[in-house]
2 protein chains.
Amino acid sequence: MRTVEEIITNFQQRGHKITPQRRAIFQIICESNTHPSAEDVYQQVSANMPDISLTTIYNTMRELKELGMIDAVNAVGDGSLRYDKRTDHHDHLYCLHCNQIIDIETPSGSLEIPKEKSMGYKIVKQQVTYYGYCPACQKNMRDKTGREETQASVFNE
Amino acid sequence: MRTVEEIITNFQQRGHKITPQRRAIFQIICESNTHPSAEDVYQQVSANMPDISLTTIYNTMRELKELGMIDAVNAVGDGSLRYDKRTDHHDHLYCLHCNQIIDIETPSGSLEIPKEKSMGYKIVKQQVTYYGYCPACQKNMRDKTGREETQASVFNE
DNA sequence: CTCTTTGCAAACTGTTTGCAATGCC
DNA sequence: GGCATTGCAAACAGTTTGCAAAGAG
């Protein structure tokens, strides 16, 4: 699921129509390195296509998810749904300050399913999330040391 | 953070008042082995205290979280906030069918922070979540094989 | 030409907030 | 008695749904 054209072809072959809106959304998905929310995608697509509606973003993302062409994760900070263009196994780095999520390759040891600590669960996938602060937010926190609102927002989960 | 009395003492020493409502909420938290949502806690507390309000549940849970006495995680299935009476390092088993979350002990190898794949992030904690189907839901799925709605709900993330 | 998609508005869910009445210490 | 807490109602954020108009194939 790399290029826009591949997404378009795949989407079309599964019986869906290609519209300018969907083309623009696919483009943004391909370009994104973070895990955008619907609102994020909307902001970016709007730049070139001001009349697109947020509903169309939601609808399209949901269809992509249902086709298994993207994944979705929940942000812990704001509870919003984030979309992930990758559906293969990989881990996440989550910034507790700006809520940005980026991918990291799974360290080699990460795939082992826990033996019979699995409590009878049938496990189908695992996800490791590392929580911390991204470089930009670390810098910001250093620069603003002592300013109360910043402190509060940083240390509030 | 084991017994109700410990929670009460801790909460009180930090300058908060103890009310019957809070006592009842703490009780439920102590007893829970899953990770209840505010609504779950409300249902359980209501059984013995019918006049308690959902607002009080939310307020109390938020305070506990701010005091670091409980943790919170987001459910991927319904997007709701789930509360975790444990704040130490451990992993989660998540049922994709009923959205129940239970704890598992962290397998020994799990604590290593990824070397310099960490992209400049300052990592403060990690969380491993194993997604799958709990014993009860597996049984349910077997019993109802062939029934469409069940199939749909099972396989829709 | 038909059936899908769009985009508005309204509904909905989970959560938070404002505020008067109540209750803890 | 003073200040924190409760619980109602209303506000909110993120997401979904109903539906008429527009558009893809």
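In what follows, chains carry the letters A, B, and so on, assigned in the order in which the sequence lines appear, proteins first and then strands, with residues in each chain numbered from 1.
Legend: ring pair (Phe, Tyr, Trp, His ring centres under 6.0 Å) pairs involving residues 35-83 of chain B, not counting sequence neighbours, sorted by first then second residue: B/His35-B/His92. The stretch residues 4-30 of chain A participates, sequence neighbours left out, in these ring pair (Phe, Tyr, Trp, His ring centres under 6.0 Å) pairs: A/Phe11-A/His16, A/Phe11-A/Phe26.
A donor-acceptor pair shorter than 3.5 Å cannot be found between the side chains of B/Asn59 and B/Thr56. Under 3.5 Å, the side chains of A/Asn140 and A/His97 contain no donor-acceptor pair of N or O atoms.
Counting heavy atoms from C-beta outward, A/Asn74 and B/Val73 have side chains that stay 4.5 Å or more apart. The side-chain heavy atoms of A/Asp103 and A/Asp84, taken from C-beta on, include a pair separated by under 4.5 Å. A 4.5 Å side-chain heavy-atom check between A/Arg82 and A/Thr34 finds every atom pair outside the cut-off.
Classification of A/Arg86 and A/Asp88 as a salt-bridged pair holds, one side-chain N sitting under 4.0 Å from a carboxylate O.
The footprint of chain B on DNA chain D, defined by a heavy-atom cutoff below 4.0 Å, extends from D/dG2 to D/dA9.
Each of A/Thr55 and B/Asn74 has a nearest nucleotide on DNA chain C; the 5'-most of these lies closest to A/Thr55. Nearer to the 5' terminus of DNA chain D, by closest-nucleotide assignment, is the contact made by B/Thr56 (compared with the other of A/Leu81 and B/Thr56).
Residues from residues 36-49 of chain B placing a heavy atom under 4.0 Å of any atom in DNA chain C do not occur.
Rounded to the nearest 0.5 Å, atoms CD1 (A/Ile104) and OG1 (A/Thr129) are 9.0 Å apart.
The bend of the helix from C/dC1-D/dG25 to C/dC25-D/dG1, defined by the angle between the axes of its first five and last five pairs, stands at 30° to the nearest 10°.
Tested against B/Ile28 for a side chain to side chain contact (heavy atoms under 4.5 Å, CB included), the candidates B/Asn48, B/Val45, B/Ile57, B/Val4 yield a single pass: B/Val45. Here the options are A/Lys125, A/Lys85, A/His90, the test is side chain to side chain contact (heavy atoms under 4.5 Å, CB included), and the partner is A/Asp71; only A/Lys125 passes.
The CG atom of A/Leu54 sits 16 Å away from the P atom of C/dA10 (whole-angstrom rounding). In this structure, A/Leu64 places its CG atom 14 Å from C1' of C/dT5, rounding to the nearest Å. As rounded to whole Å, 9 Å separates atom P of C/dT15 from atom CZ of B/Arg82. Atom pair B/Tyr58:OH and C/dT13:P shows a separation of 12 Å (rounding to whole Å applied).
Neither OP1 nor OP2 of C/dT15 sits under 4.0 Å from any side-chain N or O of B/Arg62.
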Extract from the structure each pairing of a protein N or O with an N or O of nucleotides 20-25 of chain C at less than 3.5 Å, listing the distance.
| from | atom 1 | to | atom 2 | distance (Å) |
| --- | --- | --- | --- | --- |
| C/dC24 | O3' | B/Ile18 | O | 3.1 |
| C/dC24 | O2 | B/Lys17 | NZ | 3.0 |
| C/dC25 | OP1 | B/Gln12 | NE2 | 3.4 |
| C/dC25 | OP1 | B/Ile18 | N | 2.9 |
| C/dC25 | OP1 | B/Ile18 | O | 3.4 |

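Counting only distance, with no hydrogens or angles, the side chain of B/Asp40 and the backbone of B/Ser37 share a donor-acceptor pair below 3.5 Å. Remark: the backbone N or O of B/Thr60 is not paired with any side-chain donor or acceptor of B/Arg22 at under 3.5 angstrom.
Note on B/Asn59: a base of the nucleic acid sits closer than 4.0 angstrom, heavy atoms only.
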